[in-house]
Asks: 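Sharing a structure here in structure tokens format.
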Amino acid sequence: MSLRSHEQLVASVGLLFLITVCITAFFFLPSSGADDYLYHQAKHAIPIRDADVREEIRRREQVELKRKVEEANINPPPIPKPEIGAGDDTHSRQIFVKQMIKFAWDGYKNYAWGENELRPITKRGHSASIFGYGKTGATIVDALDTLYIAGLKEEYQDARKWIDESLDFKKVAKGEVSVFETNIRFVGGLLSAYALTKDKMFLKKAEEIATTLLPAFNTPTGIPLALVDVESGNAKNYAWAAGGCSILSEFGSLQLEFDYLSNLTGNTVFAEKATKVRKVLTSLEKPDGLYPIYLNPKSGKWGQRDFSLGAMADSFYEYLLKQWISTGKKDNSTKREYDEAIAAMERKMLFVSPENKLTYFANLRGNRVEHKMEHLACFAGGMFALQSINEVDETAKSHYLDLGERLAETCHESYARATTGIGPEAFRFNSGSEAKTDAKPERYYILRPEVVETWFYLWRITKKEKYRDWAWDHVQNLEKYCKVGVGYSGIKDVYESTVQHDDVQQSFLFAELFKYLYLIFSEDSVLPLDQWVFNTEAHPFLIRND
Ligand SMILES: *[C@@H]1O[C@H](CO)[C@@H](O)[C@H](O)[C@H]1NC(C)=O
Ligand SMILES: *[C@@H]1O[C@H](CO)[C@@H](O)[C@H](O)[C@H]1NC(C)=O
């Protein structure tokens, strides 16, 4: 193309752009005028009807991005083609996600191999206290199934080799590890790798690691403690947890892995431990039908009456539903308990915001309602969507799909209202400010997956393009704000465009966020929801239909 015609093209694109802006403004801006709209935008939450305006801006940005990419003639790095083809646009987005996975993986491999996580800016290893202080390669185990699913074959082989040769958990784990995190990430990751590959080495490692967790279950009730010292077998609870209590999300999110492990190995000890926990929960009285987040493992009594669908509770509900699904719907008593718990939460904790009509689950502190929803609680949109496709009753089907869609919308608003387009750790519903937060300690984002997870389920179930579009927005925002140094990092304040990084590439970036992003741009035949159930770390297990 000659320079002259190139200039002409730029001029006409510019003109077209201006016309689009004018037309958009004419249709969408409030009648009181553009100034008022801008004031509104700066001072208050964007009203939800302006979702259309955002949509238009997003569309224009995409055209612009595409133009830039074409102009720069960027050649994607040579990586193997995904196994499954898709439509043109979706296909290139999927390849883009695959490149993100490879980039983050290479950073980890080159600078933190064998460590739990990578610090992408200072280029060294990182370990959170949940892992103890041994070099247990959490990122390798968490990434394993994602590498496999995305067709990153060499990377998968490197991971497999390390696990085979170096992951002797009993030897490499040091200090106290979290029973819950070790279960969902390590046991879950290895079981998933086994389910996908039928490579027995993974199953053996999963059993070895789960065995190191068993001392935590030696309590008068069988409710496990939170931490176990792998070397000595000493177990204890967090000192801060309501006077030595165990936490609902932790002891309530073991059954998928433990049952599956027992089923695959024939070693019944794991399923027995999980069943015992379920029996205790069944026998307890629930205040107003709700499950408090603290339970004393010695006395079997609830701790203080705090209730949430977010931190310290979340995956307990998820596992009630998924336990039913993963047993081919045979465990219907667990489904009944799920139904009762959700019904109680809908009565007591579900709200619609007055201004923007956003649906959200609040937290309860005793009788006091805290009008706040956590990023972690955003998984629930996906949970309700998954429930809807497993219900037979038409009323339940449509009710829970609708609830799931409304929560997906709310969580999207928490993203769209942030300067970075990335949602905060928690957001509030106060008069004049909805789905945002002013509190500094709630403004961070640590590569959490729950919002994309919900969009993934809703894409699979409704086929509404907006879910893929929202996920693609997130991909671009991750590139813009979280990609740094040799990987991806959390950011400290989603409301500041000049971001500060926390310099941690979480292992769940691979297990969850990348996996859900990859899958949302995949065909439904990749891990279909009627054959696979994802644990709370997004590790897929086969549903036991017989
Ligand atoms: C595993 O689950 C399948 C399907 O429910 C069942 O047929 C099989 O007997 C189970 N195996 C063990 C060892 O529990
Ligand atoms: C629960 O499952 C059992 C065994 O599959 C079945 O006999 C029973 O009818 C089911 N109960 C309900 C309420 O669906």
Side-chain angles (χ1 to χ4, degrees), residues 141 144-145 148-149 163 169 179-180 182-218 222-224 251-282 315-339 383 386-393 457 460 524-546:
V141 184
L144 195 56
D145 55 5
Y148 185 82
I149 292 160
I163 290 168
F169 201 74
V179 173
F180 163 74
T182 305
N183 176 54
I184 65 170
R185 300 190 201 207
F186 287 82
V187 179
L190 292 162
L191 284 174
S192 166
Y194 173 73
L196 290 163
T197 66
K198 297 289 175 280
D199 182 336
K200 286 261 193 245
M201 183 273 289
F202 294 130
L203 187 57
K204 189 170 141 271
K205 297 275 177 182
E207 188 177 7
E208 278 170 16
I209 295 177
T211 303
T212 68
L213 304 179
L214 294 178
F217 292 79
N218 295 334
I223 297 288
F251 64 78
S253 311
L254 298 158
Q255 194 166 21
L256 282 186
E257 294 80 6
F258 275 36
D259 274 10
Y260 198 40
L261 184 56
S262 282
N263 183 266
L264 293 173
T265 59
N267 178 355
T268 55
V269 64
F270 308 105
E272 283 159 14
K273 300 287 181 198
T275 305
K276 182 106 188 275
V277 173
R278 280 234 44 73
K279 281 193 175 143
V280 172
L281 283 167
T282 303
S315 48
F316 160 69
Y317 302 102
E318 178 186 350
Y319 272 34
L320 291 180
L321 177 70
K322 290 181 175 175
Q323 171 68 11
W324 174 61
I325 295 172
S326 73
T327 59
K329 302 187 186 173
K330 281 194 267 308
D331 188 350
N332 50 15
S333 60
T334 299
K335 172 58 163 48
R336 194 168 54 247
E337 289 175 29
Y338 168 84
D339 286 338
M383 177 178 75
L386 180 64
Q387 179 189 346
S388 79
I389 55 167
N390 283 285
E391 293 284 2
V392 182
D393 179 72
Y457 281 102
R460 280 279 173 101
D524 295 0
S525 54
V526 184
L527 304 175
L529 296 176
D530 59 354
Q531 288 172 35
W532 296 87
V533 60
F534 293 82
N535 89 339
T536 193
E537 188 80 357
H539 295 305
F541 302 163
L542 270 170
I543 293 175
R544 278 163 284 150
N545 279 314
D546 42 18

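First listed ligand is number 1; within each ligand, the first listed atom is number 1. In this chain, numbering begins with 1 at the start of the sequence shown.
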Asks: Protein heavy atoms near atom 9 (O) of ligand 1, is at least one of them under 4.0 angstrom away?
Replies: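 Within 4.0 Å of atom 9 (O) of ligand 1, no protein heavy atoms are found.
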Asks: What protein heavy atom sits nearest atom 6 (C) of ligand 1, and how far away is it?
Replies: Asp546 OD2, 3.7 Å
Asks: Sub-3.5 Å donor-acceptor pair from the side chain of Thr327 to the main-chain atoms of Trp324, do we have one?
Replies: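 Side chain of Thr327 to backbone of Trp324, a donor-acceptor pair under 3.5 Å: yes, one is there.
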Asks: Report yes if some heavy atom in the side chain of Tyr319 is under 4.5 Å from a heavy atom in the side chain of Asn535; otherwise report no.
Replies: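 Result yes, sub-4.5 Å side-chain heavy-atom pair found.
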Asks: Between Phe270 and Phe258, how do the two ring planes meet: parallel, tilted or perpendicular, split at 30° and 60°?
Replies: perpendicular
Asks: Centre-to-centre under 6.0 Å for Tyr338 and Tyr317, is that the case here?
Replies: no
Asks: What protein heavy atom sits nearest atom 13 (C) of ligand 1, and how far away is it?
Replies: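 The answer is Asn263 O, 3.5 Å.
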